[in-house]
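Residues: numbered from 1 along the sequence shown. These numbers come from a predicted model, not from an experiment.
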Amino acid sequence: MEKLKYACVGAGSVADYKHLNGYSKVEGVEIVAISDPDIEAAKRLAEKYNIPHVYTDYEEMFEREKPDLISVCTPNYLHAPISIKAMEKGIHVHCEKPITLNAKEAYEVIESKNKYKRKFMIGLNNRFTNESFFVKRYIEEGYIGEIYHVKTGWRRRRGIPGKGGWFTNKKLSGGGPLIDLGVHFLDLVLYFMGYPEVQSVSAATYSKFSNSNSLNSWNYAKSGDGIYDVEDMAVGFVRLKNGATIDFEFSWASNIEGDYNYYEILGDKGGIWFKNGQLKVFSEIVDTLIDIVPDTNYPKSPLNEFEHFVDCIKNDEEPLASAEEGAILMKIIDGAYESSEKGNEIVLG
């Protein structure tokens with residue numbers, strides 16, 4: 001079979017270490033081009049991955065190279081227009097998270113996907129880990145029972161990405177850690193639960209570290225005295241129509257002991273606890289409480305994010321991390337920001 005032609009829009013770190021690295025290892029895929037307004041950044045990655053063509057204009061790249069699929073690895077405000085333009089050109093899209101700046105744009109992406117009959121997947125890589133594969137199957141096979149409450153979060157002691165850059169500019173990013181980190185773990189727990197319908201969300205956001213110059217443990221550099229108009233912490237509570245609830249907290253900076261990400265899933269037959277890659281299961285057998293530590297090194301997850309998307313294109317299947325689920329997630333995030341601004345719970349339509 002003829003190889004699929006792949007191109008990457010964006011030449012930052014997520015393009016380098018994730019998308020180009022991933023697709024370079026997939027059989028049946030040929031990396032033909034990369035585009036970025038920063039031509040030197042694009043050239044560096046072109047040399048690293050032996051990419052023959054470099055562009056500063058992604059539309060010119062679409063016209064000249066006619067790729068079968070692309071990755072969108074740009075600031076958030078460009079996700080929707082680039083994805084829509086690509087699908088108009090008959091190109092399948094693997095877009096980094098979040099899907100868009102807001103739910104309205106997400107539904108525009110869905111409309112374009114359906115109109116042009118293209119495959120679209122969000123780059124939510126946490127779905128593709130061995131731990132996530134185990135948890136999803138464990139829940140689906142009934143070991144947890146009815147899930148009634150979930151807690152999740154990702155907290156950093158100091159990890160504000162590029163103060164004064166696009167991450168801290170709401171017009172370009174859509175928000176702070178809620179839309180940056182929160183999309184990963186809110187998506188993950190909703191995915192485990194089967195993406196149930198959402199009733200309402202209540203949230204609060206805080207911006208307390210815009211003037212902090214302490215060591216940034218994630219090695220993010222400051223970008224001068226640019227805009228910082230997003231939160232550095234968001235907390236909230238989601239009610240689902242099935243009666244279950246989700247408690248969340250996400251921060252780029254907090255005065256805590258150290259960084260951690262986690263989820264805790266409570267069911268009437270069992271519970272699951274995950275923190276910084278460690279997984280435990282809690283249950284009861286013959287009237288005795290038991291703790292289980294699954295060996296998630298075996299079996300390996302059958303899903304690889306990049307191979308999965310290529311298989312979906314070749315076999316005309318719907319990918320995981322769909323645009324439709326991305327729109328639901330963005331409705332929650334939109335509602336959380338609105339709730340924080342208005343100081344009350346927001347009922348989602």
Side-chain angles (χ1 to χ4, degrees), residues 75-81 83-84 95-111 122 124 149-156 160-161 166-191 193 195-210 227-254 261 263 321-349:
N76 299 345
Y77 76 102
L78 293 170
H79 287 186
S83 297
I84 291 170
C95 181
E96 255 311 305
K97 59 81 189 171
I99 179 174
T100 52
L101 286 179
N102 51 54
K104 178 180 179 296
E105 288 187 350
Y107 284 110
E108 291 171 357
V109 167
I110 292 170
E111 182 181 1
I122 313 166
L124 292 162
H149 183 63
V150 172
K151 295 180 66 176
T152 188
W154 187 341
R155 300 180 69 188
R156 295 175 178 171
I160 301 171
W166 71 263
F167 271 100
T168 61
N169 184 331
K170 188 173 180 65
K171 183 178 179 181
L172 306 182
S173 66
L178 177 58
I179 198 170
D180 178 34
L181 309 180
V183 291
H184 278 298
F185 278 77
L186 280 174
D187 168 76
L188 201 55
V189 297
L190 288 165
Y191 168 63
M193 300 169 81
Y195 256 88
E197 291 187 74
V198 181
Q199 178 175 308
S200 64
V201 59
S202 180
T205 60
Y206 308 90
S207 184
K208 302 295 182 182
F209 290 86
S210 59
I227 295 172
Y228 192 110
D229 62 353
V230 299
E231 84 281 2
D232 41 51
M233 183 173 184
V235 298
F237 185 79
V238 180
R239 291 184 183 275
L240 303 173
K241 289 186 178 181
N242 63 8
T245 51
I246 301 172
D247 196 0
F248 67 80
E249 55 178 356
F250 301 104
S251 72
W252 280 338
S254 300
N261 53 59
Y263 53 81
S322 67
E324 287 79 6
E325 290 171 342
I328 295 170
L329 188 57
M330 290 315 303
K331 284 179 69 174
I332 296 172
I333 291 172
D334 289 352
Y337 284 132
E338 183 181 355
S339 173
S340 177
E341 183 179 345
K342 293 182 176 178
N344 55 257
E345 184 178 52
I346 302 298
V347 177
L348 302 180

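Counting heavy atoms from C-beta on, the side chains of E231 and P177 come closer than 4.5 Å. Residues N261 and H184 are not in side-chain contact: their nearest non-hydrogen atoms beyond the backbone lie 4.5 Å or more apart. Annotation: side chain of L186 is in contact with side chain of L178 (closest heavy-atom distance under 4.5 Å). Looking at F167 and V230, their side chains never come closer than 4.5 Å, going by heavy atoms from C-beta outward.
Judged purely by atom type and a 3.5 angstrom limit, D247 has no side-chain atom pairing as donor or acceptor with the backbone of K151. Without hydrogens or angle criteria, S251 side chain to M233 main chain gives no donor-acceptor distance under 3.5 Å. Side chain of H79 to backbone of E96: a donor-acceptor contact under 3.5 angstrom is found. Not one N or O on the side chain of E325 forms a donor-acceptor pair closer than 3.5 Å with the backbone of Y195. D334 places a side-chain N or O within 3.5 Å of a backbone atom of A103 that can act as its donor or acceptor partner.
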Could you walk me through whether F250 and T152 pass side-chain contact (heavy atoms from CB on, under 4.5 Å), step by step? CA-CA 9 Å; F250 301 104; T152 188; 4.2 Å; yes

Working note: I332 + L190, criterion side-chain contact (heavy atoms from CB on, under 4.5 Å); need CA distance, chi angles, decisive distance, verdict. CA-CA 11 Å; I332 296 172; L190 288 165; 3.7 Å; yes

side-chain contact (heavy atoms from CB on, under 4.5 Å) between E108 and T100, intermediate numbers included: CA-CA 10 Å; E108 291 171 357; T100 52; over 6 Å; no

Test log, rule side-chain contact (heavy atoms from CB on, under 4.5 Å), inputs K331 and Y107: CA-CA 10 Å; K331 284 179 69 174; Y107 284 110; 3.4 Å; yes

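Under the rule for a side-chain hydrogen bond (donor to acceptor under 3.5 Å, both in side chains), Y263 has no partner lying at least two apart in sequence or in another chain. For the side-chain hydrogen bond (donor to acceptor under 3.5 Å, both in side chains) test, residues two or more places apart in sequence or in another chain that qualify with T205 are S340. Residues satisfying the side-chain hydrogen bond (donor to acceptor under 3.5 Å, both in side chains) criterion with S173, sequence neighbours excluded, are absent altogether. For F185, the ring-ring contact (aromatic ring centres under 6.0 Å, His included) partners are W154, not counting sequence neighbours. Here Y206 pairs with nothing under the side-chain hydrogen bond (donor to acceptor under 3.5 Å, both in side chains) rule; sequence neighbours left out.
Here the closest heavy-atom approach between residue G335 and residue V201 is recorded as C-CG1, 3.4 Å. The two residues I246 and L240 make their nearest non-hydrogen contact at CD1-CD1, 4.3 Å. Taking all atoms of both residues into account, the shortest heavy-atom contact from S339 to A203 is OG-N, 2.9 Å. Of all heavy-atom pairs spanning F209 and S254, the tightest one is CZ-CA, 4.1 Å.
Rounded to the nearest 0.5 angstrom, T168 OG1 and I160 CD1 are separated by 8.5 Å. The CH2 atom of W252 sits 8.0 Å away from the CG atom of D232 when rounded to the nearest 0.5 Å. To the nearest 0.5 Å, atoms CD1 (I333) and CD1 (I328) are separated by 12.5 Å. Rounded to the nearest 0.5 angstrom, Y77 OH and L101 CG are separated by 10.0 Å. Here CD1 of I99 is found 11.0 Å from CD1 of I179. Values are rounded to the nearest 0.5 Å. The CD atom of E324 sits 9.0 Å away from atom CD1 of I122, with the distance rounded to the nearest 0.5 Å.
There is a side-chain donor-acceptor pair under 3.5 Å between T245 and H149.
Just one of D187, N76, D180 meets the side chain to side chain donor-acceptor pair (under 3.5 Å) condition when paired with K97; it is D180.
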Just list the side-chain donor-acceptor pairs under 3.5 Å for residues 341-349, sequence neighbours left out, or say none.
from, atom 1, to, atom 2, distance (Å)
K342, NZ, E338, OE2, 2.7
E345, OE2, S200, OG, 2.8

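More than 12 heavy atoms of other shown residues, nucleotides or ligands fall within 6.0 angstrom of atom NZ in K170.
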